[in-house]
Amino acid sequence: MGATMDLDQPLGSAGARSLPADALERLRRQAVSAVESGMPQSHVARLFGVSRKTVGNWMRAYQANGELAFRPRRRGRRAGEQLALSATQQAWIVKTIACGPPDDAGLPSLLWTRKALTELIRREFGISLTGGTIDQYLARWDVTNRTGPLAHPDDCEPDTLQVAWTHPRDATGVERMHALIAVNHRGLMFFVASEHPFTQAQLGDFRKRLGVALGHDVRVRIRSWPAPHAELLARWRLSDAAIMLR
């Protein structure tokens, strides 16, 4: 007999993640249905014994992915387990990122994000990864660094994005590429990558895409920049008053 649960009882300290897959799917469906019927998310959270943040996450996932949002995803692998992506798959992904923004790859995004990478990997390889696992791969490829200049996004003002120029490994794992990464105060990340150093035109396009992606004009605070390209940064700042140094 399949696992069942009493939705009149709170989930307790174990939380929704402790539920069997079929029970968790049913819980998500009922919570989303309750919110769509007009019940406040805080009331839904109390009714089903989960946090308001969890209900909010379920609603955003449903709005973005529809029915797929109800199905529990396979959780990220623990350290020491076999990687979800093979070396060949990782090399292909890195090469695709370096070839241009996600809309060049047929994805409905102007800049690379965790979500865009998740969609790319699911489309090409049929593998669903969590946001946390995507972050692990970005760190593995040296796109991001958890102790780097963008490690504390909450230090940033709400209308400002912190930006760093990093040097990920290329598809061979030997040579270095170039990446522009922007993070807002909530930790939402956008980036582009290239096999060659960025030009002033590419910098301008990056900021324009940031504004469109966020739905409003943004200011940029530079947190890390390679010294050999200091003159390029100076020209960018002269041409755009919204570019600031930290």
Side-chain angles (χ1 to χ4, degrees), residues 1-76 102 107-123 128-136 138 144 146 150-162 182-191 209-219:
M1 180 181 295
T4 61
M5 60 175 247
D6 183 359
L7 291 180
D8 290 330
Q9 297 299 320
L11 295 179
S13 60
R17 289 177 61 86
S18 66
L19 295 173
D22 59 344
L24 180 54
E25 179 175 345
R26 185 156 59 95
L27 175 64
R28 287 173 172 169
R29 287 182 182 278
Q30 292 180 331
V32 168
S33 177
V35 173
E36 291 203 316
S37 71
M39 185 180 294
Q41 291 188 17
S42 57
H43 293 185
V44 173
R46 287 196 296 271
L47 176 64
F48 293 110
V50 297
S51 69
R52 188 184 183 284
K53 180 179 178 181
T54 294
V55 175
N57 289 340
W58 290 346
M59 290 302 302
R60 285 190 292 273
Y62 175 67
Q63 291 162 0
N65 301 309
E67 286 289 313
L68 291 175
F70 295 129
R71 303 171 190 168
R73 294 177 296 177
R74 183 174 61 184
R75 292 166 189 166
L107 294 170
S109 302
L110 292 175
L111 294 165
W112 289 109
T113 61
R114 297 177 180 93
K115 180 180 178 181
L117 278 176
T118 299
E119 293 175 351
L120 177 71
I121 293 166
R122 184 186 299 120
R123 185 189 74 183
S128 296
L129 300 180
T130 65
T133 302
I134 292 293
D135 281 344
Q136 291 173 12
L138 290 173
T144 60
R146 292 183 179 180
L150 304 181
H152 302 287
D154 52 345
D155 292 342
C156 191
E157 301 90 341
D159 61 342
T160 302
L161 289 150
Q162 299 186 78
V183 179
N184 71 1
H185 67 294
R186 294 182 177 176
L188 187 62
M189 179 177 61
F190 305 87
F191 70 95
R209 286 172 178 261
L210 284 172
V212 174
L214 289 169
H216 59 82
D217 198 18
V218 296
R219 295 187 301 169

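When reading the values below, keep in mind they use all heavy atoms of this one structure, side chains included, and skip hydrogens, waters and symmetry mates.
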- Query: Just checking, is any N or O donor in the side chain of T160 or R219 under 3.5 Å from an acceptor N or O on the other one?
  - Reply: yes
State, to 0.1 Å, how close [X] and [Y] come at their nearest heavy-atom pair, and which atoms those are.
X    : Y    : result
S109 : P102 : O-CG, 3.2 Å
Q41  : G56  : OE1-CA, 3.4 Å
L210 : A182 : CD2-CB, 3.9 Å
T144 : D135 : OG1-O, 4.3 Å

- Could you go step by step and tell me if Y62 and V35 meet the side chain to side chain contact (heavy atoms under 4.5 Å, CB included) rule? CA-CA 11 Å; Y62 175 67; V35 173; over 6 Å; no
Supply the atom-to-atom distance [X] [atom1] to [Y] [atom2], rounded to the nearest 0.5 angstrom.
X    : Y    : atom1 : atom2 : value
L129 : R114 : CG    : CZ    : 13.5 Å
H43  : R52  : NE2   : CZ    : 10.5 Å
L138 : F191 : CG    : CZ    : 5.0 Å
M189 : N184 : CE    : CG    : 11.0 Å
S51  : N57  : OG    : CG    : 7.5 Å
E119 : K115 : CD    : NZ    : 5.5 Å

What I'd like to find out is whether the side chain of [X] reaches to under 4.5 Å of the side chain of [Y], using heavy atoms alone.
X    : Y    : answer
I134 : T118 : yes
T113 : L188 : no
F190 : L110 : no

- R209 side-chain N/O to L111 backbone N/O, donor-acceptor pair under 3.5 Å: no
